[in-house]
Amino acid sequence: MEKYNFKKIEQKWQKYWEKNNFYRAQDFSKKPKYYCLIEFPYPSAEGLHVGHTRSYTAMDIIARKRRMQGYNVLNPIGWDAFGLPTENYAIKTGIHPKVVTKKNTDNYRRQLKSLGFSFDWSREINTTDPEYYKWTQWIFLQLYKKGLAYKKKMPINWCLSCKTGLANEEVIDGKCERCGGETEKREKEQWMLAITKYADRLLKDLDNIDYLEKIKVQQTNWIGKSEGATIKFQIINSKSQINSKSKISNSKQFIEVFTTRVDTIFGCTYLVVAPEHIIIKNLESRIKNLGEVEKYINQAKKKSDLQRTELVKEKTGVELKGVKAINPFNNEEVPIFVADYVLASYGTGAVMAVPAHDERDFEFAKKFNLLIEAVVMPITKGPTKIYSQPPDEKLHKIVKQDLKAEKWFDGIEKGEICYPDDGYLKKSGQFTGLTSEKARQEMTKWLEKSKLGKKTTQYKLRDWIFSRQHYWGEPIPIIYCRKCLEKSKIKNQKSKFDYDYIEIDGLEYMVIPVAEKDLPVELPEVKKYEPTDTGESPLANIKDWVNVKCPKCKGQAKRETDTMPNWAGSSWYYLAYLMRGISNFKFPISKYKKVFKYWTPVDWYNGGMEHTTLHLLYSRFWNKFLYDIKVVPTSEPYKKRTSHGMILGEDGEKMSKSRGNVVNPDDVVVNFGVDAFRLYQMFIGPFEQATPWDPRGIEGTKRFLGKIWDIQNRIMSHESGSMNKKIESLLHKTIKKVGDDIEEMGFNTAVSSLMIFINKCYECDDVPKNIWEKFLIILSPFAPHIAEELWEQLRRQTQTATQTNADSPRKSASSQYGSVSLEQWPKYNPKLIIEDIFELVIQINGRVRDIISVKKDISQKEAESIALSQEKIKNWLKGNKVKKVIFVPNRLINITI
RNA sequence: GGGCGAGUGGCGGAACGGUUUACGCGUACGACUCAAAAUCGUAUGGGCUUUGUCCCAUGUGGGUUCGAAUCCCACCUCGCCCACCA
């Protein structure tokens, strides 16, 4: 018999699969569909590493199993190829990103094909293909038409070294996610997507999908819904100013604040507004220390986010002298401060400060010596004093009256300690005595009745900054025309513009979306890819691309030169695979509705945790939008989402080029073969956990395959057939275990149970063929090449034995014997799993003292008498009285003495 | 500071109320070999002046239970994500 030659086998079967279009998904097949999805890779110059391939292998195993279970499986692959590394490479070398992308995708394709993944290569996609991105642009235009894409002057995060705007999500600790460089705030006209309009649905619909709990929690926190109230504080001039003749101009001005703790409002001793808050400009004439305030604001603006966060400990701020605010609940005057610990972008950009019940306000008040007034007292611990008649007697049960509790309580009362939790109210007018919860309800009602505020829901989620000033991205398909704007102005009344216009460099333009028939707006050829220092996209320099005939008036117009962020192309790629199969991206969209209906939603999507709040949320948003405009039939794109752990380097650190600990699958495969590699990736540790790569570990899975090869040779070398009860029972156990484990992504234990089965077979001389065949079937998703080869050998032997003389036609080398991947996934027989003997554990006082084999399903009585008759046990029991006997059927008996 | 998760042999890990250390790596010894590699076999948590019907071991300290790695409480350490969100 030949030795196990993985190279030969792998090549043979990979060719066979490809030649026979083995893993092509059938649109509209009558079989039930199963759509599994992995995150398509960004084709970098370094090539694949084992971090990618582990998760792909896992999904490949699931796909292969589903096919054997009778599903029509779609397991597609493509390239998320727009991105900065490619652009940076182009800047350095002058080579067109297209060329680089081609080179990298070719390499990735070669690598993936060599690893035996069962992808449907006929649907390969590439986000940088104009036929692909014309649809990305098309979706943008639909968003624009529905008012969900808009342009806005925004203080954006600007990366000084990449020279581009970044979304909040792309700035980490004040640094650029890509290059790690410093960022600062800049004002720029940016295209925005109104994801916040979908915030509530993105949150609520999490209930109906099967995402890992931690993914749901992360998305929930990211969306960050909080219920509270907005409250209007009237602004007045402070007394000193009133006295100095200039009467209060009666145009009432208000500051609106957002709070989740209305119940603490009687403890509000000042207001704070963010440095960017518009009210400061509006109050300019009334602020007495304007110079000081402006100085502070300028300083705050200069601070990058990094500096702002670094200064967490030291709070800064300036009082707006000359004005005060009136607390609508008690009509008390409170001072107004400007401070950068208040964020302009959240809530109303202004807060009511309650130092007694908010840590940040407390800190600020301490520093500026402001009044701290406690109005909420703790309920459960040590209230030695009662401030009012609470509505519920039980709330006042004094739990402990030790000194500590009393001190704590007094500290709160004296304003020495901040108490940020719920409690019951004191010194709160008509609301005194209510619990925080109840008070929030009542006070909000009161606010709404008196029209001084209202119930409000706030989200941390912000709109998505969609503009990038880069070359290597999808051009935003918008044209700006001055002539059209002039015409409309003449036609319409001056003040009523029923069209979109925009101001660029002081000139006004009309915004004209590119028509569907003119898509794609293709990236022009350029000589230089560098972003400009002015912050404009490199596209702005291509005059004959920028200057364009207006599609409406045929006059001089110009194109938008910003491009889309990376996340655009990946927000809908699961649909692109379907379109690719049908009509290769031709218009119109109606062509594809049927295929969407057949395949969506994705049944199982696996990817990295790092995409939970970006890609995964963005693509849920786009899908919901596409659902609303009736393009896709389901409101959620992915039915089930799981995530994988990272593979760390041998040193236990994250794999990275700079650390030099990256493992390239190519090198592993050369020495050990694809099947050993696939198995080891699955065996290395729990799938959801990070595990270090151990270069020696793979020896084990290679030996495992060698054993399989040997056993098959033994089986084939002699007539076997006699049933082996033990092996049969173990087979059925293994079928169950492997099947269950795959579903729960317990791949490491699945592999180990396959190993246990093989170890047992190895001990036996005689493994019946029909048992062995079933083993090959359940092995095949993990190690498809060797499984195919052994299956074929086995079949060839059987067939040549039965049909002697038959000159079997020799078409393709292998197809005549079928393929193991066309077999049915075997069912286990529950009866065969149950053994008639089990190991009865005999414990005394919970400690194991003896183990004996006994018959299954014996009664407690029987077990007891067996236990008590054991010599060892008798010795233990000598001179002791049996107190109690606990019996766990088919497991153990515990005697207490 | 907040959220999520994890701490078990020399190492990756299994078990997730019932025999701690499955499976694999490594190591030691043995077989085969002139020899080595490969392969196969055996052993492999620690302790003992007691080799036993012994004792101790799942980050630390408590608790619940006949019985805890597993459940509860407190603490320590590490990882990931978020972070002045009112």
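Heavy-atom basis, side chains included; hydrogens, waters and symmetry copies ignored. We name chains A, B, ... by the order of the sequence lines, and we start the count at 1 in each one.
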Just distance, no hydrogens or angles: give the donor-acceptor pairs under 3.5 Å from side chains in residues 689-702 of chain A, sequence neighbours left out.
residue : atom : partner : partner atom : Å
T691(A) : OG1  : Q689(A) : O            : 3.4
D694(A) : OD1  : R696(A) : N            : 3.0
T701(A) : OG1  : A676(A) : O            : 3.0
T701(A) : OG1  : I698(A) : O            : 3.1

Round to a whole Å and report the spacing from CZ of R849(A) to P of G18(B).
-> 19 Å

Would a line drawn from the ring center of F364(A) to the ring center of F337(A) be shorter than 6.0 Å?
-> yes

Starting at atom CZ of R714(A), determine the distance to atom P of C40(B), rounded to an integer number of angstrom.
-> 11 Å

G13(B), syn or anti by chi within 90 degrees of zero = anti

Under 4.0 Å between any heavy atoms, over every strand shown, what does I684(A) touch: base, sugar-phosphate, or nothing? Just pick one.
-> sugar-phosphate

Mate of U19(B) across any strand shown (Watson-Crick or G-U wobble, both atom pairs under 3.5 Å) is none

In whole angstroms, how far is the C1' atom of U39(B) from the CD1 atom of I708(A)?
-> 16 Å

What is the nucleic acid contact for D850(A), judged by heavy atoms within less than 4.0 Å: base, sugar-phosphate only, or nothing?
-> nothing

Identify, with sequence neighbours excluded, every residue that meets salt bridge (charged side-chain N to carboxylate O under 4.0 Å, His left out) alongside R54(A).
-> none

Without placing hydrogens or testing angles, list every side-chain donor-acceptor pair under 3.5 Å for residues 343-355 of chain A, not counting sequence neighbours.
residue : atom : partner : partner atom : Å
Y346(A) : OH   : S226(A) : OG           : 3.0
T348(A) : OG1  : E256(A) : O            : 2.7
T348(A) : OG1  : F258(A) : N            : 3.4
T348(A) : OG1  : A350(A) : N            : 3.4
T348(A) : OG1  : A350(A) : O            : 3.2

Looking only at heavy atoms, what is the nearest atom pair of V338(A) and Y296(A), with distance?
-> O-CE2, 3.8 Å

Decide yes or no, distance alone: a donor-acceptor N/O pair under 3.5 angstrom between the base of C84(B) and the side-chain of K315(A).
-> yes

For D358(A), which residues count as a side-chain contact (heavy atoms from CB on, under 4.5 Å) partner, sequence neighbours excluded?
-> R360(A), D361(A)

In the 5'-to-3' direction, what one-character label does each nucleotide of nucleotides 65-72 of chain B receive under the scheme B = base within less than 4.0 Å of a protein heavy atom, S = sugar-phosphate only, - = no such atom?
-> -B------

Base, sugar-phosphate alone, or nothing: which one does V888(A) contact when heavy atoms must sit under 4.0 Å apart?
-> base

Counting only Watson-Crick or G-U wobble pairs whose two distances fall under 3.5 Å, which nucleotide matches C32(B)?
-> none

State the pairing partner of C84(B); accept Watson-Crick or G-U wobble contacts with both distances under 3.5 Å, and report none otherwise.
-> none

Mind calculating the distance between CG (N748(A)) and P (A22(B)) to the nearest angstrom?
-> 15 Å

Base, sugar-phosphate, or nothing: which does F838(A) touch, judged by heavy atoms less than 4.0 Å apart?
-> nothing

Please determine, for U77(B), whether a Watson-Crick or G-U wobble partner exists with both distances under 3.5 Å, and give it or none.
-> A6(B)

List the atom pairs, donor and acceptor, that lie under 3.5 Å between side-chain atoms in residues 837-853 of chain A and the rest of the protein, sequence neighbours left out.
residue : atom : partner : partner atom : Å
E839(A) : OE2  : S853(A) : OG           : 2.5
N845(A) : OD1  : I897(A) : N            : 3.0

Using whole Å, report how far CG of N759(A) lies from P of C23(B).
-> 7 Å

